[in-house]
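Here the structure is laid out as structure tokens; the discussion comes afterwards.
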Amino acid sequence: MPRQVDHEERRRRIAEAVCALADSSGLEGVTLRDVATRAGVSMGAVQRCFRTKQEMLVFALDHIGERVTERVSERARPRTDTTADPDPASATLARVLGEVALVDEAHRAEARVWLAFVAQAAVTPELAAALRNRYTALHPLLVRLLGAGRADSPAADGDVGAGPDHEPHQAARTLLALADGLTTHVLIGHLTPQAALALLHAQIGALTRTSPPAALPALPAHGTGGPAPANDEEGAAK
């Protein structure tokens, strides 16, 4: 009797192979043959699972996106469960955005893979649509946590949310864009993970009217992962 093939398990295995190839050499030159070899399956098996290369790439992007989403949900769970969260909402928001930013050393490979997909999405409409869907799905959670953070720490003058940057949806987009950009800055060594998280905390504090952590890590000196300080002439030119 022929062995029963778990179709979804094979698709996940192929997705892992795509991600491994993206991590080592990017996505531009990845072929179905490369993926089949890496996954340990035949070309025919890959083609039976996915009709086109683009369909395979979209599935692989969703596969890694689901892993990030699971960690985000775990970080946000105390605030979405009925039980009270002893931490302020701004701390939960920081944990969630830290997962989105992929700045932790343990997630460095995922960061390389994610940026490979982002680069490919610039010229692949199907991938671009999948990325937009991921960001759109995250937006309501960020808005909810921002609202809870402001309720935890109202402004001293009672005018919470003044200005366009403090409108909840705009603030959520600001934080998501910052977290997404920090992925690149950490990956190329422009910022350390600690400095990236400090920037996130500071921005969350500004948008929820809470104070940033009392002792934020200093940005590293130029040449050790931080930007070079601008001289007076450069500053004047800007």
Side-chain angles (χ1 to χ4, degrees), residues 8 11-32 34-35 38-39 46 49-50 52-76 92-142 145 172-201 203-204 225:
E8 281 307 308
R11 282 164 64 89
R12 287 191 293 270
R13 184 175 175 183
I14 291 170
E16 287 289 348
V18 172
C19 291
L21 289 167
D23 183 24
S24 61
S25 55
L27 285 172
E28 185 175 352
V30 170
T31 66
L32 294 181
D34 294 331
V35 174
R38 189 68 179 244
V46 175
C49 287
F50 302 102
T52 65
K53 178 181 176 180
Q54 299 309 330
E55 183 181 318
M56 179 183 69
L57 293 180
V58 169
F59 182 84
L61 173 59
D62 283 338
H63 177 68
I64 193 170
E66 279 302 316
R67 291 207 303 247
V68 176
T69 298
E70 286 174 7
R71 294 198 301 268
V72 164
S73 297
E74 184 65 29
R75 295 291 196 175
T92 303
L93 183 56
R95 291 194 298 267
V96 165
L97 289 168
E99 293 294 345
V100 173
L102 296 171
V103 297
D104 191 278
E105 183 64 38
H107 305 317
R108 199 58 49 84
E110 279 186 359
R112 289 191 295 268
V113 173
W114 187 259
L115 288 183
F117 275 109
V118 170
Q120 190 67 24
V123 293
T124 308
E126 297 91 342
L127 287 176
L131 282 171
R132 289 195 299 272
N133 289 340
R134 286 278 159 196
Y135 294 140
T136 299
L138 184 59
H139 183 79
L141 173 62
L142 299 182
L145 289 173
R173 286 187 284 268
T174 297
L175 288 173
L176 181 55
L178 174 61
D180 217 36
L182 289 174
T183 307
T184 301
H185 284 258
V186 171
L187 197 59
I188 66 173
H190 185 235
L191 291 174
T192 65
Q194 187 182 30
L197 291 175
L199 288 173
L200 270 179
H201 278 277
Q203 188 63 27
I204 290 169

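The distance from atom CD of Glu126 to atom CG of Leu131, rounded to the nearest 0.5 Å, is 12.0 Å. Between atom CD1 of residue Ile14 and atom NE2 of residue His63 there is a gap of 11.5 Å, rounded to the nearest 0.5 Å. Atoms CG and CG, from Leu27 and Leu115 in turn, are 11.0 Å apart once rounded to the nearest 0.5 Å. The CZ atom of Arg12 lies 11.0 Å from the SG atom of Cys49; values are rounded to the nearest 0.5 Å. Atoms CH2 and OG1, from Trp114 and Thr184 in turn, are 12.0 Å apart once rounded to the nearest 0.5 Å. The distance from atom CG of Leu142 to atom NE2 of His139, rounded to the nearest 0.5 Å, is 7.5 Å.
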Requested in this report: Please step through side-chain contact (heavy atoms from CB on, under 4.5 Å) for the pair Arg108 and Val186, ending with a clear verdict.
Outcome: CA-CA 9 Å; Arg108 199 58 49 84; Val186 171; 3.9 Å; yes
**Report entry** Criterion side-chain contact (heavy atoms from CB on, under 4.5 Å) on Leu57 and Gln54, from CA distance to verdict
**Finding:** CA-CA 5 Å; Leu57 293 180; Gln54 299 309 330; 3.9 Å; yes
Query raised in the report: Which is it for Leu175 and Leu93 under the side-chain contact (heavy atoms from CB on, under 4.5 Å) test, yes or no, and what are the steps along the way?
Result: CA-CA 10 Å; Leu175 288 173; Leu93 183 56; 3.8 Å; yes
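Residues satisfying the side-chain hydrogen bond (donor to acceptor under 3.5 Å, both in side chains) criterion with Arg38, sequence neighbours excluded, are absent altogether. Residues that satisfy the salt bridge (charged side-chain N to carboxylate O under 4.0 Å, His left out) test with Asp34, not counting sequence neighbours, are absent from this structure. Arg132 pairs by the side-chain contact (heavy atoms from CB on, under 4.5 Å) definition with Ala128, Ala129, not counting sequence neighbours. Applying the side-chain hydrogen bond (donor to acceptor under 3.5 Å, both in side chains) criterion to Thr183, with sequence neighbours excluded, gives no partner residue. When the side-chain contact (heavy atoms from CB on, under 4.5 Å) test is applied to Ala94, the partners found at least two apart in sequence or on another chain are His201, Ile204. Taking the salt bridge (charged side-chain N to carboxylate O under 4.0 Å, His left out) definition, one finds that Glu28 meets it with nothing, sequence neighbours left out. Taking Leu178 as the reference, Leu182, Leu200, Gln203 meet the side-chain contact (heavy atoms from CB on, under 4.5 Å) condition, with sequence neighbours excluded. Not counting sequence neighbours, the partners of Arg11 by the salt bridge (charged side-chain N to carboxylate O under 4.0 Å, His left out) test are Glu8. Looking at residues two or more places apart in sequence or on another chain, you find a side-chain contact (heavy atoms from CB on, under 4.5 Å) between Ala109 and Asp23, Arg112. Residues satisfying the side-chain hydrogen bond (donor to acceptor under 3.5 Å, both in side chains) test with Glu70, not counting sequence neighbours, are none. By the salt bridge (charged side-chain N to carboxylate O under 4.0 Å, His left out) test, Arg67 is found to be paired with Glu16, Glu110, residues two or more places apart in sequence or in another chain being considered.
The shortest side-chain heavy-atom distance between Thr69 and Arg134 falls under the 4.5 Å cut-off. Put simply, the side chain of Arg71 reaches to within 4.5 Å of the side chain of Leu102, judged on heavy atoms. Between Gln194 and Val103, the closest side-chain pair of non-hydrogen atoms is not below 4.5 Å. The shortest side-chain heavy-atom distance between Val58 and Leu61 does not fall under the 4.5 Å cut-off.
In this structure, Ala15 and Ala60 approach most closely via the heavy-atom pair CB-CA, 3.9 Å. When every heavy atom of Met56 is checked against every heavy atom of Leu32, the shortest pair comes out as CE-CD2, 3.6 Å. The nearest pair of heavy atoms linking Ala116 to Gly26 is CB-CA, 4.5 Å.
A donor-acceptor distance shorter than 3.5 angstrom exists from the side chain of Thr192 to the backbone of Ala195, with no hydrogens or angles considered. Counting only distance, with no hydrogens or angles, the side chain of Arg75 and the backbone of Gly98 share no donor-acceptor pair below 3.5 Å.
Among residue pairs with one or both ends in residues 116-138, none qualify as ring-ring contact (aromatic ring centres under 6.0 Å, His included); sequence neighbours excluded.
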